[in-house]
Each structure stands twice: as C-alpha cells, then as structure tokens.
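First the structure, in the form of structure tokens, and then the observations on it.
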Number of protein chains: 2
Amino acid sequence: MPAERDLLLRDVMDRIGDKWSVTVICRLDDGPLRFNALKRAVDGITQRMLSATVRRLERDGLLTRTVHPSVPPRVEYALTDRGRSLHRVLAELVAWTEDNLDDIQQCRKRFDAGEYGAHA
Amino acid sequence: MPAERDLLLRDVMDRIGDKWSVTVICRLDDGPLRFNALKRAVDGITQRMLSATVRRLERDGLLTRTVHPSVPPRVEYALTDRGRSLHRVLAELVAWTEDNLDDIQQCRKRFDAGEYGAHA
DNA sequence: CGGGATCCGTCGCGATACTG
DNA sequence: CAGTATCGCGACGGATCCCG
C-alpha cells in the first residue's frame with residue numbers, strides 16, 4: 001500500500017475512530033431508530049455524545065435525520081446507502097476480530113507476564 | 001449485526017483507532033523496517049509515539065520486534081501473519097474510502113453551508 | 001421527546017532533553 | 001541507533017442542568 005493512501009485511511013479513521021460512531025452505525029443497520037430508541041440501543045452513550053455523533057455522521061452523508069413535525073417531536077435516524085456500504089466493511093473487521101481476539105488476548109497476557117523483549 | 005459484536009468491534013477500534021497504528025501497519029506491510037527507517041516512513045511521528053505504538057502492536061502479536069545484538073544496536077520490526085491479515089481488512093477500508101471520500105467531502109460542504117436540517 | 005449549553009476531568013499526543 | 005523521562009496542552013468525552 002503506497003504511502004499516499006495512509007492519508008485516506010487516516011481520514012476514515014479520524015471519522016469513525018471515535019468512541020461511538022461505529023456502534024451507532026451497527027445499531028442503525030438493523031433499521032431506522034428514533035433518538036431515544038437509538039440511545040437505548042447503544043447503551044452507555046450520553047445524550048450529548050449521541051447528539052454529536054449522529055450530527056457528524058449526517059454531515060458525512062452516512063445517515064439521514066428526518067424530523068416528523070408532530071407532538072411530541074419525532075426524529076428518525078436511518079443509514080444511507082453509503083452508511084450501509086461502510087457497515088459492510090466494518091462487518092469484515094468484526095469477522096477478523098472474532099477470528100483473532102482470543103489469540104490477541106493470549107499474546108497480551110504473555111507479553112505482560114514476561115515483559116519479554118526486555119532481556120530475552 | 002447483533003449488539004454483542006459491538007463490543008468486539010470496539011475492541012479493535014480501541015486498538016487501531018489511535019493516531020498511528022494503522023499507518024505503522026501499512027508501512028510495515030511492504031517489509032520489515034528498523035526503528036529509524038520506520039520513523040522516516042511514517043512521517044510526522046515522534047520517537048515517543050512510534051515507540052509506544054510498536055510496543056502495543058507487539059503486545060497484541062501484530063508485529064515482532066527483533067533485536068540483533070550488534071554495535072550500533074539494530075532492531076527490526078516486521079508484521080506477523082496476524083498483522084498482515086489485519087492489513088488486508090484495512091485495505092478494504094482504504095478501497096471504501098477511495099470510492100467515497102469525494103462524495104463525503106461534498107456532503108460535508110453542503111451541510112456546513114446550508115446547516116440544513118435546522119429548518120428545511 | 002429531542003435535544004443544546006456549560007463545566008470539568010482525563011489522557012492522547014507533541015516537543016524537548018537525556019541515555020545505553 | 002534505539003529508545004526513555006518529563007512537561008504541557010488540547011481535544012474527547014462524561015455529568016448535569018436547561019429548553020422548545
């Protein structure tokens with residue numbers, strides 16, 4: 001991979017590398033959700049962070065924000081086609097993780113235990 | 001994607017979502033490099049961050065750190081098979097970015113200009 | 001219900017200097 | 001050459017209160 005593409009990859013990582021974006025995308029892939037439903041689905045996110053996260057995702061055209069004028073207010077969030085295509089790539093990352101997470105944790109334990117590399 | 005897998009994805013993101021890990025992995029995919037060569041290849045990284053980054057990647061078994069006892073000291077970093085398999089997934093992310101970055105930047109410009117969604 | 005505004009802690013990261 | 005130690009800042013993110 002040529003170095004120029006690093007910058008591209010950094011662009012995506014800067015966008016989805018934050019704490020909540022990927023989770024929101026994943027939860028929204030099952031279908032549109034309203035604000036508080038999405039908040040419950042994500043679990044652990046605060047209103048502030050959800051609000052900021054969906055705005056950034058909307059800004060990048062990864063999801064749409066639809067306001068239904070009614071009382072009480074009703075706002076639905078849904079992935080765009082682009083958002084869904086990104087989710088497909090993220091799914092590959094999930095698959096990779098499922099294949100490797102156990103080994104990784106083993107590695108980490110051995111590394112922390114031996115602190116090898118220090119003398120061996 | 002079920003919610004339990006969010007946690008898995010968060011695990012990877014926490015690992016490679018930092019500023020330098022993906023770049024180091026990309027540069028190392030072309031072949032092993034010594035510390036300062038890697039530092040030059042990454043461009044912009046400080047010694048401190050490179051040192052911390054490679055240690056975490058080594059800890060997770062994504063790369064190996066080989067010390068050749070000589071004067072001057074000679075340390076080579078190389079991706080493991082697992083590191084290379086991760087790089088393949090990251091390459092998909094790069095491909096996705098190449099396909100979408102222009103559109104994303106368009107979206108962002110329109111979003112910032114109109115601040116639509118506020119009234120429309 | 002769906003947010004915005006504010007305050008504040010943490011920690012990732014950069015710059016610099018020093019070491020074996 | 002290949003790191004480590006120290007310092008400091010700024011962004012990210014959590015908690016809380018307030019509003020239409």
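Lettering of chains follows the sequences in order, A, B, ..., and the numbering in each one begins at 1.
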Query - Co-members of A/Leu101 in a cluster of I, L, V, M, F, W and Y side chains, linked at under 4.5 Å - result: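 Members besides A/Leu101, by chain and number: B/Leu8.
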
Query raised in the report: Sequence neighbours excluded, which residues qualify as salt bridge (Lys or Arg N to Asp or Glu O under 4.0 Å) partners of A/Asp14?
Result: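 Here the qualifying residues are A/Arg10.
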
Spacing of [atom1] belonging to [X] relative to [atom2] belonging to [Y], to within rounding of 0.5 Å:
{"X": "A/Glu92", "Y": "B/Leu90", "atom1": "CD", "atom2": "CG", "value": "11.5 Å"}
{"X": "A/Asp81", "Y": "A/His87", "atom1": "CG", "atom2": "NE2", "value": "14.0 Å"}
{"X": "A/Asp11", "Y": "B/Thr97", "atom1": "CG", "atom2": "OG1", "value": "7.5 Å"}
{"X": "A/Ser85", "Y": "B/Asn100", "atom1": "OG", "atom2": "CG", "value": "5.0 Å"}

Query raised in the report: By side-chain hydrogen bond (donor to acceptor under 3.5 Å, both in side chains), which residues pair with A/Glu98, not counting sequence neighbours?
Result: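 Partners of A/Glu98 under the side-chain hydrogen bond (donor to acceptor under 3.5 Å, both in side chains) test: B/Arg5.
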
Scan the side chains in residues 71-78 of chain B for donor-acceptor partners under 3.5 Å anywhere in the protein, sequence neighbours excluded, and list what turns up.
from    : atom 1 : to      : atom 2 : distance (Å)
B/Tyr77 : OH     : B/Arg65 : NE     : 3.3

Requested in this report: Sugar-phosphate means primed atoms, P, OP1 and OP2; the rest is base. With that split, encode nucleotides 15-20 of chain C 5' to 3' as B, S or - using protein heavy atoms under 4.0 Å.
Outcome: B-B--B

Query - Members of residues 31-40 of chain A that approach DNA chain C, where some heavy atom sits under 4.0 Å away - result: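 Heavy-atom cutoff 4.0 Å gives A/Arg34, A/Phe35, A/Asn36.
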
Requested in this report: Return the residues of residues 3-25 of chain A meeting this criterion: a heavy atom under 4.0 Å from some atom of DNA chain C. Order them by number, or give none.
Outcome: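 Going residue by residue through residues 3-25 of chain A, none turns out to have a heavy atom under 4.0 Å of DNA chain C.
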
Could you list the donor-acceptor pairs under 3.5 angstrom formed between side-chain atoms of residues 46-55 of chain B and any protein atom two or more places apart in sequence or on another chain?
from    : atom 1 : to      : atom 2 : distance (Å)
B/Thr46 : OG1    : B/Met49 : N      : 3.3
B/Thr53 : OG1    : B/Met49 : O      : 2.6

Query - Set of side-chain contact (heavy atoms from CB on, under 4.5 Å) partners for B/Val42, sequence neighbours left out - result: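 If we apply the side-chain contact (heavy atoms from CB on, under 4.5 Å) test to B/Val42, skipping adjacent residues, the hits are B/Trp20, B/Thr23, B/Val24, B/Arg27, B/Leu38, B/Ile45.
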
Query raised in the report: Can you name the side-chain contact (heavy atoms from CB on, under 4.5 Å) partners of B/Arg108, sequence neighbours left out?
Result: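 For B/Arg108 the side-chain contact (heavy atoms from CB on, under 4.5 Å) partners, ignoring immediate neighbours, are A/Arg15, A/Arg59, A/Asp60, B/Ile104, B/Gln105, B/Asp112.
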
Query raised in the report: salt bridge (charged side-chain N to carboxylate O under 4.0 Å, His left out): which pairs involve residues 33-46 of chain A, sequence neighbours left out?
Result: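 Every candidate salt bridge (charged side-chain N to carboxylate O under 4.0 Å, His left out) pair involving residues 33-46 of chain A fails, so no pair, neighbours aside, qualifies.
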
Report task. Taking heavy atoms of chain B and a 4.0 Å limit, find me the 5'-most and 3'-most nucleotide of DNA chain D within that range. Result ->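 Range of nucleotides within reach of chain B: D/dC1 to D/dT6.
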
Query raised in the report: Expressed in angstrom and rounded to an integer, what is the separation of A/Met49 atom CE from C/dT6 atom C1'?
Result: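 Atom-to-atom, A/Met49 to C/dT6, this comes out as 15 Å.
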
